[in-house]
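Not measured: the values here are computed from a predicted model.
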Amino acid sequence: MKFSLRPASVAFIWFVLFMAASEAIAQVPVSWKVTVSVAPELRPSFRKGGRLLLHVTKQNEREPRNRSEITVGVTPQQWNGVSPFVINTKDKNVLSVGLDKLPSNPSEMYYFQVVYKQNPDDGQENVPGNLYSIVDSVPFSKKANLSLTLKTLIPPATIVQHKFVKSVEINSPLLSAFSGKSRSLKAAILLPSGYFENPDKTYPICYRAAGLNGRYTAVNGLMANKEFTDWWFTKTAPQIIYVFLDSQGPYGDTYQVDSENNGPCGKALTEELIPEIERQVRYKPDSKLRFLTGNSTGGWVSLGLQIFYPDFFDGTWSYSPDPVDFEHYGLINIYEDESIFYNRYGYLQPGRRTIYGEPTFSMKDWIAGENVNSRTGTYLISGGQFGAYNAVFGPKGSDGLPSLMFDPLTGKIDHAIAKQWEKYDLKKVLAKNWSTLGPKLQGKIWVWMGDMDGLYSNVATRFLQKFLEKTDNPKSDAKLSFTAMAGHGQEWSDKAALTLIAERVAKKLTLVHD
């Protein structure tokens with residue numbers, strides 16, 4: 001069969017390739033050489049093959065590693081940590097974001113800090129096992145030479161000590177067998193105010209899925225929130241066991257579901273971790289009061305777990321979920337569009353916006369940042385949003401690493417791989433299996449979304465709503481609500497979610513007693 005590309009398609013492809021080539025040969029406007037050493041006492045903790053990240057900022061109220069305007073990344077393949085390594089911004093294997101936007105203003109001070117990402121079990125940067133330097137500052141110059149020493153090893157995370165807080169950590173045989181090495185699962189538990197008054201009582205339980213790359217240590221922040229604790233430890237607060245899940249994975253957030261790259265995370269959660277948690281807090285599964293909640297990535301996870309395990313969980317409260325329909329992956333249709341960097345009209349595809357609709361960040365900028373953060377020089381192992389998406393939703397490549405759904409330099413979509421994402425496309429999963437899933441999900445789905453979501457996730461949620469409204473046998477009773485002019489996660493709070501769940505529990509218990 002003969003075929004030909006439409007003239008518009010040919011022009012679009014050439015436009016994308018031209019833009020990628022133009023940027024590839026663009027010269028970095030500054031020449032910085034940063035000599036990085038490892039403090040002698042940390043050399044035993046040093047691991048080869050990590051990613052060096054140089055962070056630079058004009059802000060002096062925070063460490064550059066926590067947020068910087070400029071990031072430079074390189075993977076020193078042969079570095080053993082004994083001799084120094086020089087980051088040269090002119091080297092061809094050095095990637096950067098933000099250097100091209102530097103003003104030539106010698107009066108300004110710039111703050112430098114370097115991080116060495118070496119934890120093989122966690123794709124993020126500021127996590128246990130990685131190294132970082134103290135902050136140095138120098139006046140702005142297009143040519144600079146300085147030295148930084150990696151002096152701090154990020155220690156293991158800890159959970160706040162409190163009578164009503166428990167932590168759980170178990171070895172996961174399922175994940176360990178998949179990875180060929182020991183892997184553990186963690187969670188933190190916040191007990192209700194009346195928990196110790198009646199040792200025979202069983203309580204409803206709610207599993208809180210974190211936002212992107214969230215950790216079970218989120219309980220620490222909640223316990224430090226006086227407004228929350230003043231409410232939680234009253235007799236009128238919800239009597240619900242609140243469990244903080246942990247989303248650690250080698251490529252970033254695992255999304256708590258089974259995947260080819262992260263392993264059987266959903267199976268390990270439901271068959272290993274949750275049974276152990278519930279054994280420790282005397283929850284009775286027969287009570288059918290096992291709930292889910294979460295915001296953003298946690299919104300997707302809480303909704304996804306309810307759909308993938310419709311009999312195991314008894315209801316979800318999902319806020320601002322990540323795209324639940326990959327035909328509307330933000331503003332991108334991964335099954336039909338040619339690139340995630342440019343839309344069908346040849347304009348840069350926005351990735352973020354304000355609630356007034358002003359684009360603040362393009363998809364191209366987003367991926368460039370993740371490329372810099374990854375030891376492969378692509379978003380593959382960035383530990384960021386798209387590195388995580390790619391590992392969770394996509395197949396494993398021939399090299400044992402996740403297969404890239406789109407090219408990291410041109411944004412061109414590989415539709416053969418995009419097709420394999422369908423099994424995590426929540427709208428498609430529901431449409432394909434509604435005759436069996438529909439009855440099991442009745443009374444179990446509640447979703448909130450801001451109609452000016454900063455990540456454009458409201459578009460996918462709108463199309464999910466359209467699908468659910470057209471269902472029959474049964475007609476879906478899912479509750480999806482949208483707030484005009486509201487942004488990403490604007491109405492999310494632990495208190496709000498727990499209050500809604502408590503209302504559902506009270507109603508359900510009333511029906512049982514009646």
Salt bridge check: are Arg183 and Asp121 linked by an N-O gap of less than 4.0 Å? no
For Asp451, is there an ion pair with Arg462 - N to carboxylate O distance below 4.0 angstrom? yes
Classify the ring geometry between Phe393 and Tyr424 as parallel (under 30°), tilted (30 to 60°) or perpendicular (over 60°). tilted
Would you call Glu227 and Lys495 a salt bridge, using N to O less than 4.0 angstrom? no
Verify whether one side chain among Thr316 and Ser318 offers a donor that lies under 3.5 Å from an acceptor in the other. no
Just checking, is any N or O donor in the side chain of Asn220 or Thr217 under 3.5 Å from an acceptor N or O on the other one? no
Establish, yes or no, whether the cationic atom of Arg352 lies under 6.0 Å from the six-membered ring centre of Phe361 and within 45° of the ring axis. yes
Report the distance from atom CG of Asn458 to atom CG of Asp453, rounding to the nearest 0.5 Å. 5.5 Å
Looking only at side chains, do His415 and Gln420 share a donor and an acceptor under 3.5 Å apart? no
If you measure only the distance, is there a donor-acceptor pair under 3.5 Å linking the side chains of Asp425 and Tyr335? yes
Would you kindly say whether Asn126 and Arg65 are connected by a side-chain donor-acceptor distance under 3.5 Å? yes
Angle between ring planes, Tyr329 versus Phe326, binned at 30° and 60°: parallel, tilted or perpendicular? perpendicular
Hey, are Asp325 and Lys427 close enough for a salt bridge, meaning a charged N less than 4.0 Å from a carboxylate O? yes
Between Gln239 and Ser193: side-chain donor-acceptor atoms closer than 3.5 Å: yes
For Phe312, does the six-membered ring have the charged nitrogen or CZ of Arg290 within the cation-pi criterion, i.e. under 6.0 angstrom from the centroid and within 45° of the normal? yes
Are more than 12 heavy atoms from other residues, nucleotides or ligands located less than 6.0 Å from atom NZ of Lys466? no
Is any side-chain heavy atom of Ser302 closer than 4.5 Å to a side-chain heavy atom of Trp446? no
For Phe291, which of Trp317, Tyr207, Phe313, Tyr242 qualifies under side chain to side chain contact (heavy atoms under 4.5 Å, CB included)? Trp317
Before accepting this row, confirm whether a basic side-chain N of the pair Glu336/Lys419 lies closer than 4.0 Å to the acidic partner's carboxylate O. no
Contact list for residues 299-309, test salt bridge (Lys or Arg N to Asp or Glu O under 4.0 Å), sequence neighbours left out: none
Do you know which two heavy atoms are closest between Cys206 and Leu292, and how far apart they sit? SG-C, 4.1 Å
Is Lys396 atom NZ crowded by more than 12 heavy atoms from other residues, nucleotides or ligands, each under 6.0 Å away? yes
Take a 6.0 Å sphere around NZ of Lys428 and say whether it holds more than 12 heavy atoms from other residues, nucleotides or ligands. yes
Going from CZ on Arg344 to CD on Gln349, what distance comes out if it is rounded to the nearest 0.5 angstrom? 9.0 Å
With a distance cut-off below 6.0 Å to the six-membered ring centre and an angular limit of 45° from the axis, does Lys412 pair with Tyr342 as a cation-pi contact? no
